[in-house]
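A short worksheet on the structure shown next.
Atoms within a ligand are numbered from 1 in the order they appear, just like the ligands themselves. Side-chain atoms are counted along with the backbone in the values below, which use heavy atoms only and exclude waters and symmetry mates.
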Amino acid sequence: MLITDATLPDGRTRDVRIEGETIAEIGELLSTTAEERSIDASGKRLMPGMIDVHVHFRQPGYSHKETWASGSKSAAAGGVTTVVDQPNTDPPTIDGERFDHKSELAADSLVDFGINGGVTDEWQPEELFARPLFALGEVFLADSTGNMGIDADLFADAVSRASERDVTVTVHAEDARRFNESARERDDADAWSAYRTPQAEIDAVRRACTVANDHDARIHVAHTSTPEAIDIAADAGMTCEVTPHHLFLSRNDLPELGTFGRMNPPLRRENRRRKVFERVADGTVDMIATDHAPHTREEKDASIWEAPSGVPGVETALPLLLNEAREGNLSYERIRDLTAANPAAVFGLSNKGRIEAGFDADLVLVDPDDPRPIRGEETHTNCDWTPFEGMDAVFPELTTVRGTVVYENRHEELFGEPVGENVRSA
Ligand SMILES: NC(=O)N[C@@H](CC(=O)O)C(=O)O
Ligand SMILES: [Zn+2]
Ligand SMILES: [Zn+2]
């Protein structure tokens, strides 16, 4: 395939040739061969596919919420070419057999994937470390969906074992001792944000970073929602991610969202959201990861204390960021770093995350000046709603995974074959 006249993240206009699974050549005025498909990308932006290191594709156990097939279609339609699945499935991914079972299910994936291993009292670290494991995590320092919260001793033990193997530990950092019990008396949607306080995250991130440094280990802090926690992680030499919902939504949106805005950690006040955005824009935050956590409408339609936590996001993350570029609030290079180059560097995916000769041809082509409003029912996840309903976004026209077209939307939407592979198995 030859993509001609594409504008790259750094602003250069180039032709990009894909041969087999890789980017073969980047140049000017490359001539197309007879058997090669040629795509005119003049006026279009070509981005490296997003590497989303935090999704919940729900298999095994909750395939009514999502499957590898539906989740990866949603990913492909949103320009995500690699996903990393978290372990709070049923059964949880905490031993070798369960890891192997999830690997078989992931054969349905249209996009490349990593599989994380979880930590509970019953986990089998040696079995997990013998598998093509992406990372440990998300390790829950407080209960979230799946009730996999663990205590400080088990966390320290897991960090020390991971450090010996040079494996990163992705941490869900909230400290339940800092939750505000008095918020329990309320029943409005904002009560969840009042209950799971900023301080619960800040304290847990500080403690997790100390444990990591004590063991000469590396942690990656999942879904940081406060500027304070981001700064603590950065100062400790650790990495962190921010979700699209903590970047684009705040407690101001809860009257409208209701329980559809309940997630862990919860939405914060507008003032904190703005400071989180600044840290995303200035590079303090390493990456955007979606924490795509689908639940059905029926499940979400409950009281604020009964509804499950989590929102979908894998299909809308890159499109929302590209709309920020269109509006001049983020550069395309920053978006490349946040969604592709940095996650690849942090997690050691040396063939991914950049548009350079020799790299995997994981590519996304968009018309940068053609936004459309996000509609939950048009997304491809099993959960047909979105917390970003009506917001402008720039969706892909074409997504390739190692040279195979997995999504195309010119006149109609077309999906490719499940070509996804485990990024640690190669
Ligand atoms: N973020 C959430 O609110 N929910 C996630 C779990 C998690 O990431 O904590 C889920 O799996 O539903
Ligand atoms: Zn979490
Ligand atoms: Zn999660």
Inset, instruction - Mark yes or no: R184 above the aromatic ring of Y195, with NZ or CZ under 6.0 Å from the six-membered ring centre and no more than 45 degrees from the axis. - result: yes
In terms of atom number and element, which parts of ligand 1 are under 4.0 angstrom from non-hydrogen atoms of [X]?
| X | answer |
| --- | --- |
| M263 | 3 (O) |
| A293 | 4 (N), 5 (C), 10 (C), 12 (O) |
| H295 | 12 (O) |

SB check [X] [Y] (cutoff 4.0 Å):
| X | Y | result |
| --- | --- | --- |
| R272 | E201 | no |
| R58 | E66 | no |
| R206 | D203 | yes |

Inset, instruction - Quick one: name the protein N/O/S atoms under 2.8 Å from the Zn ion (ligand 2), chain by chain. - result: E138 OE1, H172 ND1, H223 NE2
Legend entry - Min heavy-atom dist Q86 to ligand 1 below 4.0 Å: no
Inset, instruction - May I ask whether R262 has any heavy atom positioned less than 4.0 angstrom from an atom of ligand 1? - result: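 R262 does not count as a contact of ligand 1 under the 4.0 Å cut-off.
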For [atom], what is the closest protein heavy atom, and at what distance to 0.1 Å?
| atom | result |
| --- | --- |
| atom 6 (C) of ligand 1 | S144 OG, 3.3 Å |
| atom 4 (N) of ligand 1 | S309 O, 3.2 Å |
| atom 8 (O) of ligand 1 | E138 OE2, 2.8 Å |

Inset, instruction - Compute the shortest N/O to N/O distance between F140 and ligand 1 and return yes if it is under 3.5 Å, no if not. - result: no
